[in-house]
Number of protein chains: 2
Amino acid sequence: MTDQTKKPKFFDSSPIPLYVQLADIIRYRIERQLWPEGTMLPTIDTLMDEFSVSRVTVRHAMQLLSSSGLIEIQRGVGTFVLKNHTRRNPVKVETTLDGLIEAYRNDKPLLTYISDSSEPLCLTEDDGIPAPSYQHLRRVHTRDDVKYCVISIYLDERIFKMAEERFRTEVILPVLASLDDVTVANAKQSITISKADLETSRLLDLPLGDPVAHVRRVLTASDGTIIYVAGVTYRGDYIHLEMDLKK
Amino acid sequence: MTDQTKKPKFFDSSPIPLYVQLADIIRYRIERQLWPEGTMLPTIDTLMDEFSVSRVTVRHAMQLLSSSGLIEIQRGVGTFVLKNHTRRNPVKVETTLDGLIEAYRNDKPLLTYISDSSEPLCLTEDDGIPAPSYQHLRRVHTRDDVKYCVISIYLDERIFKMAEERFRTEVILPVLASLDDVTVANAKQSITISKADLETSRLLDLPLGDPVAHVRRVLTASDGTIIYVAGVTYRGDYIHLEMDLKK
DNA sequence: AAGAGACGTCCTAACATTAGGACTACATGA
DNA sequence: TCATGTAGTCCTAATGTTAGGACGTCTCTT
């Protein structure tokens, strides 16, 4: 019965541990330049106050950030922002097929085949006319040692047979574009955002629940046959989309 | 020294409680139709086995899903998938200015002004020539009782003065478009994905760390003056982007 | 009415998270 | 050298998460 002051507890009620939430907030502030590189962070006691949490909690959060190299803790001195954790080389989402092909011509990701287990090919009426059969390829793209997307491709088997070896070892789209016998008449792409599920989080070394972008691409031939369907799951932080609204 | 069998512990090492992760996985399977509406979920004992977790953990996860209305637990019978939690009415991200204006003409969201505290206007050389001064407006858009984005707008003060009242009470872009004296020469938009920070999670009633999309729009007049800069943070699950890759 | 198959409850026992407070160790400048 | 400010350590205690197991209760079918 000492004091019944309301405890805002700031962002409790979430099942995520306080120290993780706190670390997220601090990371966010650093990324947003609120605390630029080299700055000394508020003292532990100040942060305890600001967020009404205990010492243990603040320290735990700090250790998390420190071990990920974002800050440096100096005993007896203070805690300092290290690197500005600049956005790492995001993937520019191309808005044209040519751009997409061109992008892959310059950037050859490491391809890792993965065993299947994924969603079956699912098409809507709008997509076009299904081909008689498809070859399924599923792999992870890696660049600079970072696995940045999982891609699951269904390729018209007749086309696949034209360059089986190349399709297996190279990125599909440039190969597809290089085949004289194949003409892509239509190409659609849709993007949605969701959270990394168990499989994705494993494949991309991502924490479960981290933001990801799902991209679905459908290419059709001039007779309406669907020749290529891809479902790509990108790490959310690798996505960057630019568009000119003035057409 | 009884048995030292390795415990894969499936997705431990994450600070997020197991039962939350498990609930996420089950929700995901339901959403992906792996367990369609009406299906009986595997028994608690089966799930305990599949994921190597204890009874308490499975039940805790189930209760979470049950209380969010996704499943129904029937004692002595089993647990069943209720509604298929269909995607709720996502916002189609427009790729042209006219589309954007048109979209807002048909969909009038509820605007809630919020006190400031946000990032200052930050522009790059590329954006254009800054106007002498800007009016800042910051608000939350709500549709069907769901707060789906926070928008922070900087509007050239000279333009703001032309229709102060309307700018305050209506969605900016349609008003801007309706002014004869204003011509938008250029309009750019960029999209990135990140996690909800503390402020966003509060404003949008979203769990901290949930996926969000940041959209930045810059409009310039024909003389290169930047007349409008908007930073919009959307709920990730409200974003849907369609594009025709064939230009 | 009985049995099988489900979920519900309860218990023990580790750990992890968190608050709150006291005290220690270190670095730096006056 | 010493005061000051900062991070580190340690303690108690409450609460939450998880494993593992035993047993209770409910529903439905035979």
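Given the structure is predicted, the values throughout are model-derived calculations rather than measurements. Order of the sequence lines fixes the chain letters, A, B, ..., with proteins taken first and strands second; residue numbering starts at 1 for each chain.
- Rounded to whole Å, the distance from CG on B:L18 to C1' on C:dA14 is 14 Å.
- For A:R75, counting side-chain heavy atoms from C-beta on, the closest listed nucleotide (D:dT17, C:dA25, D:dG24) is C:dA25.
- Taking the six-membered ring where the residue is Trp, B:Y134 and B:Y154 present perpendicular rings, their angle passing 60° and hence far from 30°.
- With rounding to whole Å, A:D45 atom CG is found 13 Å from C:dC23 atom C1'.
- Phosphate contact (OP1/OP2 of D:dA7, side-chain N/O of A:T79, threshold under 4.0 Å): present.
- Aromatic rings of B:H141 and B:Y104 (six-membered ring for Trp) have centroids within the 6.0 Å cut-off, being under it.
- Rounded to an integer number of Å, the gap from B:E72 CD to C:dC7 P is 13 Å.
- Taking only side-chain nitrogens and oxygens, A:Y19 comes nearer than 4.0 Å to OP1 or OP2 of C:dT17.
- Remark: C1' of D:dG20 and CD1 of B:I44 are 15 Å apart, rounded to the nearest angstrom.
- For B:R235 and B:Y148, the positive end is not near the middle of the six-membered ring at less than 6.0 Å and at most 45° from its axis.
- Taking atom CE of residue A:M40 and atom P of nucleotide C:dT28, one finds them 12 Å apart after rounding to whole Å.
- A close approach under 4.0 Å does occur between a side-chain nitrogen or oxygen of A:R59 and OP1 or OP2 of D:dT9.
- Residue B:V77 is classed as a sugar-phosphate contact, given heavy-atom separations below 4.0 Å to backbone atoms only.
- As a whole-Å value, the separation of B:M48 CE from C:dA6 P is 14 Å.
- Side-chain nitrogen and oxygen atoms of A:T57 include none within less than 4.0 Å of the OP1 or OP2 phosphate oxygen of C:dT17.
- Of the possible polar contacts, none joining the B:T142 side chain to the B:D145 backbone as a donor-acceptor pair under 3.5 Å is found.
- For A:P17, the listed nucleotide lying nearest its side chain is C:dT18; candidates were D:dG8, C:dT18, C:dC7.
- Minimum atom distance to the side chain of B:I73 is reached by C:dG8, of the listed C:dG8, C:dT18, D:dA19.
- The phosphate of D:dT18 (OP1 or OP2) has no side-chain N or O of B:S54 nearer than 4.0 angstrom.
- Between the side chain of B:R55 and the base of C:dT9, a donor-acceptor pair under 3.5 Å is found.
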